[in-house]
Structure formats: C-alpha cells, structure tokens
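I have placed the structure first, in the form of structure tokens, so that the comments after it can refer back to it.
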Amino acid sequence: VLSLSGRLGMLPYQLLDWPISANDLFVFICDLLRDLVMGYCCSLLGSFAIERTIATHFWKWYELASPSTLLVLIGAELFFLIPLTIGGSLTLLSEARLNIREEIDSHLDTKAIQLFLHTYFSNVAIMTRMERGAAVGDYFVSKRFQVRENVLVMKYMFRITLVPSCLAVPAFLCFAF
C-alpha cells in the first residue's frame with residue numbers, strides 16, 4: 001500500500017509534466033516510501049533469520065510465547081528499516097553519494113543471507129545430533145520441536161525466496177550500475 005501510494009503520488013509529475021523543485025516535500029516522501037518498501041521487501045529474509053536465530057538460541061523462553069516475543073519481531077524489523085530509512089533520506093537529500101542506499105541494501109542483504117544460512121545449518125546440525133540419540137541433560141521434547149520447526153520453516157522460506165531472488169539479480173545487475 002505504501003509503495004503504491006508513493007508511485008501514484010508521482011503520476012501527476014510524470015504524466016502531466018508538473019515541475020519538480022528541489023525542496024518538494026511531497027516528492028521526497030513518495031521517493032522515500034518507494035525506497036523503503038523496496039528495501040523492506042529485500043530485507044524480509046534477514047528479519048526472518050534474526051527471529052529464527054533467537055528462536056534457536058533462546059528456545060525455552062521462545063516456546064513460552066510470552067508477550068515479550070513480540071519485541072523480537074519488532075526489533076528484527078527495525079534492525080533493517082532504520083538503516084534503510086537513514087540511507088534513503090541521505091540519498092534523497094543529496095547529503096551522500098547517490099548509491100549509498102544501494103550500498104546499505106546490498107550490505108544488509110549479504111549479512112541477512114549469511115545469517116539465514118548459518119541459522120539453517122546450525123538447526124540442521126542440532127537436529128542431526130538429536131536424532132542420533134539423547135544425551136543426559138541435553139534433550140528436551142520442546143527443543144526438538146522448536147529445532148524441527150525452524151528447519152521446516154526455513155526450508156519453506158528458502159523455496160519462497162529462491163525464484164524472486166533469481167529473477168531480481170539480473171535486473172539489479174543490469175539496471176543498478
């Protein structure tokens with residue numbers, strides 16, 4: 001909805017040749033909305049990876065589904081949205097190089113992929129150890145369910161993001177530079 005609003009707001013400028021001034025707050029907001037939504041969509045894998053990492057390492061607390069787990073979701077989203085907002089604002093205000101938003105996006109996305117893969121393979125290793133046999137004091141049924149859920153959900157998330165990622169990479173390489 002936000003990206004669509006930003007794009008619709010720009011239509012009169014594009015179709016009716018309305019003049020764009022350097023200080024036009026409306027154009028700034030429309031551009032920032034477009035950049036934020038694009039950056040947010042690219043960072044979903046990272047937000048998901050942060051949430052699953054916390055679910056892996058703090059599984060006892062996470063399994064309780066206390067209200068504080070909502071803070072994990074909010075924090076994971078803000079971890080990516082704050083730098084994207086700052087980078088997009090600096091770019092639009094011409095206070096920084098024109099490609100700073102893309103640099104922030106690519107850096108965050110690279111770290112998100114690394115975290116996702118690390119968390120996935122950590123969960124697979126834990127699940128493999130648990131399937132070999134229970135060690136005294138190390139095996140919990142709830143932990144087994146949490147690890148299994150993490151692996152299954154991460155496989156599903158990987159399958160969902162694989163096709164759009166493969167389609168986006170050539171477009172990014174062709175039009176970003």
Side-chain angles (χ1 to χ4, degrees), residues 1-4 33-88 91 99-177:
V1 172
L2 291 175
S3 180
L4 182 61
L33 285 175
R34 185 199 61 206
D35 285 352
L36 283 178
V37 170
M38 182 136 164
Y40 176 76
C41 290
C42 292
S43 70
L44 279 176
L45 187 67
S47 298
F48 180 76
I50 290 172
E51 186 263 335
R52 287 289 110 183
T53 301
I54 291 171
T56 298
H57 295 293
F58 302 103
W59 61 271
K60 284 182 183 178
W61 166 76
Y62 198 82
E63 280 290 314
L64 296 175
S66 65
S68 59
T69 55
L70 180 62
L71 296 175
V72 171
L73 299 174
I74 294 169
E77 297 295 329
L78 290 177
F79 182 79
F80 287 94
L81 283 177
I82 290 172
L84 291 171
T85 304
I86 293 169
T91 300
N99 58 354
I100 193 162
R101 189 190 60 77
E102 287 82 8
E103 288 175 10
I104 290 172
D105 280 351
S106 62
H107 181 72
L108 288 175
D109 293 343
T110 301
K111 292 298 179 190
I113 292 168
Q114 290 172 343
L115 180 63
F116 182 86
L117 293 174
H118 174 74
T119 304
Y120 173 74
F121 288 119
S122 295
N123 278 287
V124 168
I126 292 169
M127 193 166 76
T128 304
R129 274 196 317 268
M130 292 177 110
E131 287 175 353
R132 272 194 242 137
V136 176
D138 190 37
Y139 185 85
F140 297 94
V141 174
S142 58
K143 183 176 183 179
R144 180 179 171 95
F145 282 120
Q146 182 63 53
V147 170
R148 184 172 177 199
E149 175 189 328
N150 289 348
V151 170
L152 292 174
V153 169
M154 291 183 91
K155 278 183 183 178
Y156 181 72
M157 187 68 166
F158 177 75
R159 289 181 185 140
I160 288 174
T161 59
L162 183 63
V163 173
S165 298
C166 290
L167 294 174
V169 166
F172 177 77
L173 292 175
C174 291
F175 300 109
F177 299 108

side-chain contact (heavy atoms from CB on, under 4.5 Å) partners of F58, counting only residues at least two apart: I54, W61
Run the side chain to side chain contact (heavy atoms under 4.5 Å, CB included) check on R52 and Y120 step by step: do they pass? CA-CA 9 Å; R52 287 289 110 183; Y120 173 74; over 6 Å; no
Inspect the surroundings of NE2 in H118 and state if more than 12 heavy atoms from other residues, nucleotides or ligands are less than 6.0 Å away. no
At what distance, to the nearest 0.5 angstrom, does CZ of F48 lie from OG1 of T53? 9.5 Å
T56 side, atom OG1; E149 side, atom CD - distance, nearest 0.5 Å: 9.5 Å
Can you label the angle between the F116 ring and the F158 ring as parallel, tilted or perpendicular, going by 30° and 60°? parallel
Could you measure the distance from the OG atom of S47 to the CG atom of L81? Nearest 0.5 Å is fine. 7.0 Å
Residues A49 and A112: closest non-hydrogen pair is CB-O, 4.1 Å
What distance do N123 atom CG and M154 atom CE have between them, rounded to the nearest 0.5 Å? 6.5 Å
Just verifying a value: how many Å separate L115 CG and T110 OG1, rounded to the nearest 0.5 Å? 12.5 Å
With rounding to the nearest 0.5 Å, note down the distance linking NZ in K111 to CD1 in I50. 12.5 Å
